[in-house]
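Encoded as C-alpha cells, the structure appears first; notes follow it.
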Number of protein chains: 2
Amino acid sequence: METTGRNTEQIILEAAEQEFLLHGFEGTKTTDIANRAGVNHALLHYYYRTKENLFNRIFEQKMQLFGCALVDIFNGSTLPLVEQIVCAAGKHFDFLADNPGMSRLLLTEVLCKPSRMEQLMTHLDKLKEEVLQPMQEALDSEADAGHMARIDAVMLLMNIVQLNICAVVIQPYVQAYADNFGERRHFLALRREENLCIIRKRLAPDSEETKTTATPS
Amino acid sequence: METTGRNTEQIILEAAEQEFLLHGFEGTKTTDIANRAGVNHALLHYYYRTKENLFNRIFEQKMQLFGCALVDIFNGSTLPLVEQIVCAAGKHFDFLADNPGMSRLLLTEVLCKPSRMEQLMTHLDKLKEEVLQPMQEALDSEADAGHMARIDAVMLLMNIVQLNICAVVIQPYVQAYADNFGERRHFLALRREENLCIIRKRLAPDSEETKTTATPS
DNA sequence: GCCTTGTTTAACAACACTGTTAAATACGTC
DNA sequence: GACGTATTTAACAGTGTTGTTAAACAAGGC
C-alpha cells in the first residue's frame with residue numbers, strides 16, 4: 001500500500017493548502033481539512049502531528065514562491081532599464097494574479113503575526129543582494145544621464161509590490177463596490193495597465209513642474 | 001456613584017479599543033481587556049454583554065472615521081483639479097499616519113472576514129455619490145481640455161488609498177528590512193512625498209511615449 | 001441606618017477545537 | 001493464511017476562552 005499511502009499524505013497536504021489559503025491559520029479547523037481531504041480527522045495527526053506543522057509547510061512554500069518570483073522576475077535583461085522594470089512589474093502582476101490565494105495568505109498572516117514577518121524577511125535577503133543593490137546603481141546612473149527620474153530602489157520596489165498585491169487582493173471587493181468593470185479578468189487587465197502606467201510615468205524624466213524626489217538621507 | 005460609573009464604562013471601552021487595534025478581534029481575549037482596564041473580567045459582561053458588542057462599537061466607529069475622512073478630504077475646493085487631488089491625497093496620508101492602528105485593524109479584519117467588507121461598503125456609499133461622481137465629471141472635462149491624463153475616478157481613488165494605507169501599515173516592516181531610512185517620521189515623510197509624486201505624475205498630461213490609459217468599458 | 005448602584009471574588013457551565021488512544025477493519029504481500 | 005501497513009471508528013482528555021451566576025463588599029444618597 002505504498003502508492004496509496006503517499007497519495008493520501010499528498011491529498012491531505014493539498015486540502016490543507018486550500019483551507020489555509022481560504023481562511024488563514026486561525027480560521028481553519030483541522031476537521032475541515034480532514035473533510036476536504038475525504039479522510040478521517042485522526043489521520044491528519046497520524047501523518048503531520050500538529051496543525052502548526054501542516055501550516056508551516058504550506059506557508060514556507062508560499063514565502064519561497066513569493067521571494068523567488070521577485071528575484072527571478074526582477075533579475076536583469078538587456079532591455080533599456082525603464083522597459084526592463086515595467087516589464088518585470090507586469091510579470092509580477094501576472095504572477096500574483098495567478099496566485100491570489102498566496103497573496104491573501106501572506107498579507108493577512110504577516111499582518112496579524114509580526115513573527116511571521118521576520119520569517120518572510122529572511123526569504124527576501126537574496127532579493128536585497130541580487131536585485132536591490134545592482135538596481136540602485138543602474139537607477140542612479142540612468143538618472144545621472146537624465147534618462148529617467150531619480151528614485152530609491154526600495155521605494156520603487158515598494159511601489160510595484162504594493163500596487164500589485166493590493167490590486168489582486170481587493171479586486172473582489174472593488175468589483176462589488178463599483179459594478180462597472182465587467183468580469184474579474186477584465187478588471188484585472190485594466191488594473192494591470194493602470195499599475196504599469198503609474199510606474200512608467202513615475203520613472204519618466206522629470207518635467208519642470210513635477211519635480212519631486214524621495215531618497216533616504 | 002454615577003460619575004465613576006460612566007468613567008469605568010468608558011475606561012473599558014478605551015481598553016478594548018487599544019487591545020483590538022493591537023491584536024484584532026480573534027487575537028484579543030476579554031480578560032486582557034479587563035486587565036488593561038484594571039477591572040474585573042466579570043465587569044466587562046456586566047456592561048457590554050458580549051465581546052462582539054464591544055468590538056462592533058469600536059469597529060463601527062473606525063469605519064465611520066475612515067469613510068468620513070475620505071469624504072471630507074476629497075470634497076472639492078477651489079484649487080485647480082490636479083492640485084486639489086494631490087493636496088487631498090496628502091491630507092489622506094496624514095490622516096492615516098496619525099491613525100496607524102485604525103488602518104491595520106480595517107485592513108486585517110476586512111481581509112479575514114468578507115462580511116465585514118460589506119459593512120465597510122455601506123459606509124462608503126456617501127463617497128460614491130458625493131465624491132466619485134462629481135470627480136469623474138471634473139476629471140473627464142480636464143482630460144478633454146488636455147490639461148491632464150485621462151483616468152477613471154475609481155482607479156484614481158484606489159491608487160491613492162492603496163498607496164497610503166500600505167505605506168502606513170507596512171512601515172515598521174520595511175524599516176526593519178531596509179535600515180537606511182532613519183526614524184519612523186522620516187521614513188513616512190519620504191513615503192508621503194513618493195506617493196504624492198506618483199499621483200502628480202500619473203495625472204500629468206500624457207507625453208508621447210507614456211500614452212496608456214485604463215478606463216472601464 | 002437603609003437602599004441603590006457599582007464592583008469584586010470565585011466558582012462554574014458551556015463550547016469549540018486540538019490532539020490522543022485503543023480497537024476494529026481493509027488490503028496488499030509474502 | 002499470516003503479517004504488516006494504511007485507515008476508520010469512536011470515544012475521550014486537555015485546554016483555552018467566553019459568558020453566567022451568587023454572594024459579598026464599598027460607598028454615596030436618602
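Proteins get letters first, then strands, A, B, ... in listed order; numbering begins at 1 in each.
Proximity of B:Tyr46 to the phosphate of C:dG6: a side-chain N or O atom is located under 4.0 Å from OP1 or OP2.
Within the structure, salt bridge (charged side-chain N to carboxylate O under 4.0 Å, His left out) contacts touching residues 153-164 of chain A (residues at least two apart or in different chains) do not occur.
One atom, CG of A:Leu54, and another, C1' of C:dC17, lie 15 Å apart when rounded to the nearest Å. Separating the OH atom of B:Tyr47 from the C1' atom of C:dT7 is a distance of 8 Å, rounded to the nearest angstrom. When rounded to the nearest whole Å, the span between CD1 of A:Ile33 and P of C:dT18 equals 8 Å. To the nearest angstrom, P of C:dT7 lies 8 Å from CD1 of B:Ile12.
Taking the six-membered ring where the residue is Trp, A:Phe181 and A:Phe187 present perpendicular rings, their angle passing 60° and hence far from 30°. Ring orientation note: the planes of B:Phe59 and B:Phe55 are close to parallel, at an angle under 30° on the 30°/60° scale.
Checked options B:Leu22, B:Thr31, B:Thr28; the residue passing with B:Arg36 is B:Leu22 (criterion: side-chain contact (heavy atoms from CB on, under 4.5 Å)).
A:Asn195 and A:Arg191 form a side-chain donor-acceptor contact under 3.5 Å, judged by distance and modelled atom types alone.
Taken from CG in B:Leu163 to CG in A:Leu163, the straight-line distance is 5.0 Å, to the nearest 0.5 Å.
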Checklist outcome for this item: Readout for nucleotides 9-23 of chain D: B = base within 4.0 Å of protein heavy atom, S = sugar-phosphate only, - = neither; 5' to 3' it is BB------SSBBB--
